[in-house]
Structures are given as structure tokens and as C-alpha cells.
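Sequence lines set the chain letters: A, B, ... in the order given, protein chains first and strands last, and positions in each chain run from 1.
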Amino acid sequence: VCIHRVRSCGSIRFIKSKYVCVFDKSALKFSHQQRLFRTSAVSCGQIVQFKLSDIGEGITEVTVKEWYVKEGDSVSQFDSICEVQSDKASVTITSRYDGIIRKLHYNIDDIAFVGKPLVDIEIDASKGVASEEDVVETPPMSHEEHTHQEIKGHKTLATPAVRRLAMENNIKLSEIVGTGKDNRILKEDILNYLAKQTGAILPPSPKAEIVPPLRKTEAVPAAPKDKARKIPVPVSRPIAFSGKDRTEPVTGFQKAMVKTMSAALKIPHFGYSDEVDLTQLVRLREELKPLAEMRGVKLSFMPFFIKAASLGLLQYPILNSSLDENCQNVTYKASHNIGVAMDTEQGLIVPNVKNVQVCSVFDIAVELNRLQSLGSAGQLGTSDLTGGTFTLSNIGTIGGTYAKPVILPPEVAIGALGKIQALPRFNGKGEVFKAQIMNVSWSADHRIIDGATMARFSNLWKSYLENPASMLLDLK
Amino acid sequence: SLKNCIWLSCVLRTPKACFWSTASGGLIIQSVSNDVYQNLAVEDWIHDNMDLEKQQVLFLWRNSPAVVIGRHQNPWQECNLRLLRQKNIKLARRRSGGGTVYHDLGNINLTFFTTRKKYERMENLKLIVKALKALRPQLDVHVTDRYDILLDGQYKISGTAAKLGRTSAYHHCTLLCNADKFVLSSVLKSPYRGLKSNATPSVPASVKNLFEEDPSLTSEILLDAIAKEYAVQHQIDHHITLINPADEILLPGISNKTKELQTWDWLYGKTPKFSVSTCLNMAYKGSVLDIKVNMDVKHGRIEVCNIDLPEQWLPPGLYSELVKSLTGSKFCPNETTTLAATLLRVCPQDDELHSRWSLLCENMIRLM
């Protein structure tokens, strides 16, 4: 990249006299070999026209495909500026300078020409990195190997101020692990390295001073004097927290949640919780699991919970109803389409198993398998996600015992199942035994459902699960 | 072997010159993985981390079924996304330019890494042709000026793409040994109509497998022949080092690169701005409705959405809710399905309304 036109307010000149007197003699011996120039001008930045460099293979024009920066953005050396394409080759154009983007010469899909300006960059002043500091560049003859742009075979990225800091402290840049972009070595990296060496947290070097050797010689004679006093506490450097808030629009899944929950808020909820002893069910499932596997189906506890709920809804159909908008009519739904809350990568989705009232436990297991695999692949259809009349949420697979689930309109009830824990309980004879306990937390619409109904439904559901054989009597 | 690992680890780090007095001008590595994302991540890693001044690298890799689109392409325009989802074929977007290709284990991929200055695609392709001719002198293969390799003067057996960075560059190409041409042609045909964009279009070509020309050729034989020719030209040992793309110690940062290549934002969000202008033909109660739909999609999200429904076909409030929800949402069937299902929860419970709603939403989802 060549500089087409440099408008500079400050040109190459030697350091001002006020800095010379601060110099230590040892630093001065290099000064006549050094070329010093100001990187910042006081009142105007130097606007540099950054031209599109040669792509190779005799290519003269490319298409601009994506900008990584916009006008006003600040960029550092080696930051990506844009992506251009030419004849099946995608090229990342990186900045040669630290500065601020002042003008983009092309729009997306425009043809850009090699050798013509791509962006205007104001080589900058106010970054705080090199402002009002002189940049010292030692010529190749210098024995200070670590100030080179590239150590043979090993590239180190660091801004001039960072290099100077390393040089002052006799650190080889090749020994520092950079934590910046592209493994760039930052000022923090040098300071951390130093801290590890000396065991102290160093204060930042003040901009006007240049000479650590001077400070060191002062410190040594001071120590014997202070023998009687305590060791001075190292000055802790306040760590600049550079995290930024991030605002994103609410879209897609989240937007859907906002809609549903806002509607749910209008429903006056009441909660009812209970404990279920699943010891017998656990045993039953262990027996049935291999049978189901032979038929190619994974059997969890959910099919049992779902079927028991449906049996309960037959006795208490008001829990499977829907209240219209004006609260004028209650519709008792004929089908038990029981929704199962599923946690996917994108968020919470609730597909439902249709017509549980005519399904066997095995049928429900098959359908659950189908919904689960579609759900994790992100391929559930609208019919799977609509038409639910009652919902169970198995939050216990993630954790937790008690919950306060939110009813999903247009339904009127929901149950949240906690995790199954082995806990000590007393049996009929007063003996302690190991029980498999799960907690259930129901929420219901208090406009049409009362506590007693919810409690009786819960007791019935609980009795089916605590004594699975009793389900056989009522299975349709 | 442990020795091999340590050696390879040193090679992949940027070495100092003195250490490499015995080092050669090249390195040949082959991936043990068939996962397209892992393999693309290896390319990224080498491009970002290796110093190619002292030695160039040839990377050999194969993938289980996947469709790979170029950096600036539109996946809806290039392939049948519905079919991909059904058949569990992965979609990947590479960082180099160029067109869309189908990969399976019958296709081999070759990546030539060099410094930016030494970037030279013709040389690489000529190397491949030389290797093929050395293997089977009767093969009629040649390189075109579009950087394709043609068999018998008419069938494309290799496509090329390249990526150039600040200091390093790579040129990669495919080579059809024994790929499934039937699947290839069906997945690379897009069913989506009415798409308008400035995304790089692919240039379709008739393809043929080398296996069809000479059944004794296998992917392994071809890989070996090309590695041999590379070794000769770079004056190095004909030794292929195996590399595991899941090895975070050998390739620090590789798992992040692999993850990034699979994000929705990379795969779909990087699609250049495009518009969809089409007509839904919905059969409803004995008649057919023609509904004009216009959408602008930017960064994979719907910026503007217009659906030309007959008046009062849907309650106006519901229609505006639908449009409002779709705006800003991902141009994605899954996202739209969830939105549609959710909105249905908060509207009046009316069977007629529900069936119209479902019909419209199903048709909208088919566009994605």
C-alpha cells in the first residue's frame, strides 16, 4: 500500500529540549542513532488515502462484498477493513495504520480498482497510545533485537508505545504472550509480565518520564534506611474494565415468549404443590424399559405422567378447558392434547401429544420420541406446536424441586415436575425406607378453577403414579 | 506417536530460523476427521497462525455429505435447504469466494497454503494434472482459464476457490473421485422462486467422477499421487502427517473456530441482502387464492414483509401482528413456525380462523 498524499501538520523533527534533560546518560548514547518523530499533530490529523493493494495474478479490479468498518470507527493496524472478491478469491483487506476511518470510497457490490483509494484514514492523535509521546525507532544495526517488526520467523504485533515500554524494561517481545487481537502484545501484557518477574503490581509509567534506570538506582539506597519501617504496600493499578453494554432487538423466539407471557399475565394464577412417591413407578419403568427398547423406543417417566394426567382430566374436565376473551364462555375440550415443555438451543418450545385419551403409554412414548428428535433438529411443524389443551413441564431434568409455572394461554392449567430424589420416608409400620420422591407444582386459572378441584385432580394423578397398578383399572 | 506429536506441535508453532535448518520447503498434512466444520476450521487456523515463509503446506481432507457455499453466496439460491434438512446433509459456508459444491467421501479436497506473495493458483492446478497424468497417462485432463479441471474436454472434475489475507493465502479445490452424482444434482437445485440478490451465483457444470473413467482409481490412490507430486516439487519427503482437528493442544483456539462456522449468524446471517418476490397458491375451500408476497432479507433477517391478503380474510389486528412479528425475525422455517404457533395462542379460539392461519403460515414457511 502506498501513501498517495500525506497532509501532515507535523513533520519529522527532533525531540524538544524539555525531554533531553530527563534523559539518563545511558539512554543518550543511543540518541544520535535514533530517528525521532512525532506521531501526533496538535490540531489536525493526517488524512491518509489507503489504496487497494495488488491482489496478484494481474487482477485490476475487485468487487467490494462487505465492510467491517464504517465512517467514524477507529481502527488499529492490522484490523480488517473490508472483504473484496475477485474471480473466486475472497480477500481480506487490513489496515496499515492506527486511526479513524473518515471516508469509504465504495458501497457494497461496487467495483473497486487496484491502486485507487479504498478508504481515507485519519492517522490519529487521540488514542492515548502514542499521543504526546515520542516514538523511538532504532535502526536495524541496533543490538536491541526485540524492537524489530519481525523477529526472524516470528511475528510480533505491538504498537510503538508498547515496544518502547518493552525496551525500557529490557524485555524481549518474543517472550511475551499477546492477549490482544491477532495475539497482539498490549501494554497490559508487558505489565503483567513485569509483575510476575518482580512479584509486584507496577504503576503505569507516567507519560512524561522515560527513565526506569533512574528510578531503580533511587530505590536501592532507600531500602537500608527503611529497615526499621514496614515494607511499603505496592501501589495497585486500577484495572480498566473495558466491557460494554450490548443492546439487541427482541426478535423471533424471544418475541414469541414476550407475547405469550404478556397474555399469561392477565390470568390470575394460583399454585398448588405436592409430593409424589415414585418408588413403585421407578421399579416398573426399569422392567418396561428393555421391552420398549426392543420396539425401538426410549421410555422415560413422561409417558406415565402424561397418561395419568389424561386419566385425571377425564374426572376433572374443567382443567382441560378454555375460557374465551370476555370470560363469558368456558369450552370443555374433547381432546387431551398434552403439551410437553422442551428446552432447545433456541429456547422454550411446547409441542403437544394429540389425543392422549385414546393413546397407550407406549403410543405416548413413541410420539414423544418423534417430537424430541424433531425438536432438537429444529424441525417441528405448526401442527405439533398448536392445539395444546394442558401442559406438563419437566423442569426436574435440569434441576429444582418446587416451581411456579406460568399457564400457557388459551389453557387453564399447567404442572411443573421437579427432580426425582432419593429421600427417607416412613412407611405404614413406622419404619424408615428409601423413597423416590418427586415434587409437583400446579398452577391454575383461578377465574374458573378452584383450589379444591386442583387438589382432587392432583391427588388422583398422584395415586395413579404411586400405585401404577391402579392405572390398569381405569385405562381406556 | 508422541514423538510425532511433539514434532508436529513444533512445526505448527511459528519457529525460529535456527531451529529449522533441516526444515524443508513444504509440509503435507491430512485430516483424520470427516466433519466439514472441523476441516474448514483447520484451514482458518493455518491461515491465521502459521508462518508460511519458510514452508508451504498442502492440506488433504474429505467430508461426509455436505453442501459448501462460497463466502458471499446465498444458500437459498444455491441449494435445496429443505432436502438438506430431510437428508441430514450439512450446510457449510467457507471463507473463500467462488461457487457452491457438494462434498461426500467420494470427493477429495486439497488446500495449498502459501504466503500472499507466492499465491499462484495455476501452478497448483498444473501440479494436480501432472500427478493425475503420471498416475494414468491416458487420462484426458486439463486446466481451463476459469481454474477448473476438465475431463475429456467437457466434464468438470474440479472447482477452485481462494482466500487471501494480509500475509498468507490459500487456494483450495475439489476433485471428484467417486461422489454420488445423483444426490449432488438434487441438492444443488434450489426450489426457491422469486429470489433477487447480488450474491455470487454458481455456474452449473456437467460433472463426472474419475472413477467412471477408470474404476481402478480410488480417493486414497489419488490423494497419494498428488502428495507425491507436491513432495517432488517442493523437494521434501513424501510423508503425510495426520492431523486431528479436535486437538486443542496442537491447534489452540480450533474449537472456537469450529463452533463459529456452525453458528446461524455465519451460515445464514452472512448472506448478502436479497429480496423475495413470489406468489403463494393456497387451496382453500374449493378455490385457489393467489397471494403476492414481498420480503427484504438482510443479514438473514426479514427487514420488510408484505403479504397481499384478500380483505378481511384474516382479522386486521392479527395480520398486523403477524407482519410485526416477522419483521426482524430470522428468515428461518423453525423461527417462523414458533412465531406462528405462539401468535395463535393469543388470538380468538375459532376453528375457521385457525385453519386459515395455519394455511397461510405453512405456505410462508415453505418459502424458507
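In this structure, the portion of B/Arg116 lying under 4.5 Å from any heavy atom of chain A is its side chain and not its backbone. Interface residue B/Thr200: backbone and side-chain heavy atoms are both found under 4.5 Å from chain A. Within the 4.5 angstrom heavy-atom criterion, no atom of B/Asp48 approaches chain A. Looking at B/Lys163, both its backbone and its side chain come within 4.5 Å of chain A, counting heavy atoms on both sides. Looking at B/Glu362, only its side chain comes within 4.5 Å of chain A, counting heavy atoms on both sides. If you measure heavy-atom distances from B/Arg95 to chain A, the contacts under 4.5 Å come from the backbone alone. For chain B, the nearby parts of A/Asp87 are the backbone and the side chain; heavy atoms of each come within less than 4.5 Å. Within the 4.5 angstrom heavy-atom criterion, atoms from both the backbone and the side chain of B/Ala161 approach chain A. Proximity to chain A (any heavy atom under 4.5 Å) is shown, for B/Lys117, by neither the backbone nor the side chain. Residue B/Arg71 touches chain A through its side chain alone, counting heavy-atom pairs closer than 4.5 Å.
Ring geometry for B/Phe113 versus B/Tyr170: interplanar angle of 30 to 60°, hence tilted.
B/Phe274 contributes atom CZ, which lies 13.0 Å from atom NZ of B/Lys196 (distance to the nearest 0.5 angstrom).
Between chain A and the options B/Ile302, B/Leu326, B/Leu339, heavy-atom pairs under 4.5 Å are most frequent for B/Leu339.
Defined by atom type and a distance below 3.5 Å, a donor-acceptor pair is missing between the side-chain atoms of A/Asn337 and A/Asn352.
A donor-acceptor pair is defined here as one N or O able to donate and one able to accept, closer than 3.5 Å; such a pair exists between the side chain of B/Thr338 and the backbone of B/Asn334.
Salt-bridge check for B/Lys257 with B/Glu260: failed, with every basic side-chain N at 4.0 Å or more from each acidic carboxylate O.
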